[in-house]
Amino acid sequence: MHELPIVLDIIRVMKDEAKKHGFHEITKITLVIGELSSVVDESVQMYFEVAAKDTPCANAKLVFEHRPAMLKCTVCGTEFPHEKSFDCPACGGSSVLIKGTGTEFYIKSFDGN
């Protein structure tokens, strides 16, 4: 449900960018979503399809790129992406979350004409 305001912001930003670049339509928008951001692709897609009507984004394709949270081993210092375990793949030690990773949500790029 919190995706609706996010989608409205994306459309607002894309309208501004379309105007700035002289595009009459946005054809593709690439979004980066961190695994801890709590943003759900399907919800973004669903709200976008409704909210983008009658805007330069009406026929834009959304592309989702996912970013994992990154962990750092407290024993050997190895940094690795979170997958199924918090155990270090190098030494088996325990790990901690690298602050700020996995919470990303931003527009990476867009195409238009």
Side-chain angles (χ1 to χ4, degrees):
M1 184 110 178
H2 66 277
E3 284 86 355
L4 179 57
I6 292 170
V7 166
L8 294 175
D9 278 344
I10 292 168
I11 293 169
R12 181 186 52 76
V13 168
M14 287 295 92
K15 282 180 176 177
D16 292 345
E17 291 297 321
K19 187 175 182 179
K20 191 185 308 180
H21 294 278
F23 294 157
H24 67 277
E25 70 174 343
I26 301 293
T27 56
K28 177 181 167 186
I29 304 168
T30 302
L31 302 171
V32 172
I33 301 176
E35 72 172 301
L36 303 177
S37 70
S38 73
V39 175
V40 178
D41 300 10
E42 293 81 8
S43 295
V44 171
Q45 184 70 51
M46 179 187 72
Y47 286 124
F48 186 82
E49 289 173 8
V50 174
K53 287 183 180 174
D54 301 323
T55 76
C57 303
N59 297 312
K61 176 183 178 185
L62 294 181
V63 176
F64 300 99
E65 290 186 7
H66 298 97
R67 297 285 190 271
M70 294 296 294
L71 303 175
K72 184 173 184 175
C73 179
T74 58
V75 177
C76 71
T78 297
E79 294 182 2
F80 56 98
H82 171 247
E83 291 178 359
K84 293 180 181 174
S85 172
F86 285 86
D87 295 335
C88 176
C91 74
S94 61
S95 60
V96 293
L97 177 68
I98 298 174
K99 197 172 184 176
T101 63
T103 59
E104 305 91 337
F105 183 83
Y106 57 89
I107 299 168
K108 178 181 176 186
S109 63
F110 62 93
D111 295 329
N113 54 45

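- The distance from atom NE2 of His24 to atom CG of Asn113, rounded to the nearest 0.5 Å, is 4.5 Å.
- Looking at heavy atoms from C-beta onward, Phe86 lies out of side-chain contact with Ser94 at the 4.5 angstrom threshold.
- Proximity of a side-chain donor or acceptor of Ser37 to a complementary backbone N or O of Thr103 within less than 3.5 Å is not detected.
- Taking both residues in full, the closest heavy atoms of Glu3 and Ser43 are given as CD-CB, 3.6 Å, listed atom of the first, atom of the second, then distance.
- Criterion: ILVMFWY side-chain heavy atoms under 4.5 Å apart, direct or through other members. Under it, Leu31 and Leu8 are part of a common hydrophobic cluster.
- Relative ring orientation between His21 and Phe23 is described as parallel, the plane-to-plane angle staying below 30° on a 0-90° scale split at 30° and 60°.
- Here the shortest heavy-atom pairing between Ser95 and Leu71 reads OG-CD1, 3.6 Å.
- We find the CG-CD distance between Asn59 and Glu25 to be 6.0 Å, quoted to the nearest 0.5 Å.
- Residue Phe105 is not grouped with residue Val32 when hydrophobic side chains (ILVMFWY) are merged at heavy-atom distances under 4.5 angstrom, including chains of intermediate members.
- The shortest non-hydrogen separation linking Met14 to Ile107 is CE-CD1, 4.0 Å.
- For the 3.5 Å distance criterion, the side chains of His82 and Glu35 qualify, holding a donor opposite an acceptor.
- Across Thr30, Thr27, Val63, Ile29, a single residue satisfies side-chain contact (heavy atoms from CB on, under 4.5 Å) together with Asp111, and that is Thr27.
- Residues Val39 and Phe64 share a single hydrophobic cluster, defined by chaining ILVMFWY side chains whose heavy atoms lie under 4.5 Å apart.
- A distance of 8.5 Å separates CZ in Phe80 from CD1 in Ile98, rounded to the nearest 0.5 Å.
- Atoms NZ and CZ, on Lys108 and Arg67 in that order, are 5.5 Å from each other to the nearest 0.5 Å.
- Each of Ile33 and Tyr106 belongs to its own hydrophobic cluster when Ile, Leu, Val, Met, Phe, Trp and Tyr are linked at side-chain heavy-atom distances under 4.5 angstrom.
- Between the side chain of Thr78 and the backbone N or O of Ala90 there is no donor-acceptor pair closer than 3.5 Å.
- Here the straight-line distance linking atom CD of Glu17 with atom CD1 of Ile10 works out to 13.0 Å at 0.5 Å rounding.
- When hydrophobic clusters are built by joining Ile, Leu, Val, Met, Phe, Trp and Tyr residues whose side-chain heavy atoms come closer than 4.5 Å, directly or via intermediates, Val40 is not grouped with Leu62.
- Atom CG of Asp41 has more than 12 neighbouring heavy atoms from other residues, nucleotides or ligands inside a 6.0 Å radius.
- For Phe110 against Ile26, the heavy-atom pair with the smallest separation is CD1-CD1, 4.0 Å.
- Counting only heavy atoms from C-beta outward, the side chains of Gln45 and Glu49 approach each other to under 4.5 Å.
- Looking only at distances, a side-chain donor or acceptor of Glu104 sits under 3.5 Å from a matching main-chain atom of Gly102.
- Across all their heavy atoms, Gly93 and Val75 have their closest contact at CA-CG2, 3.9 Å.
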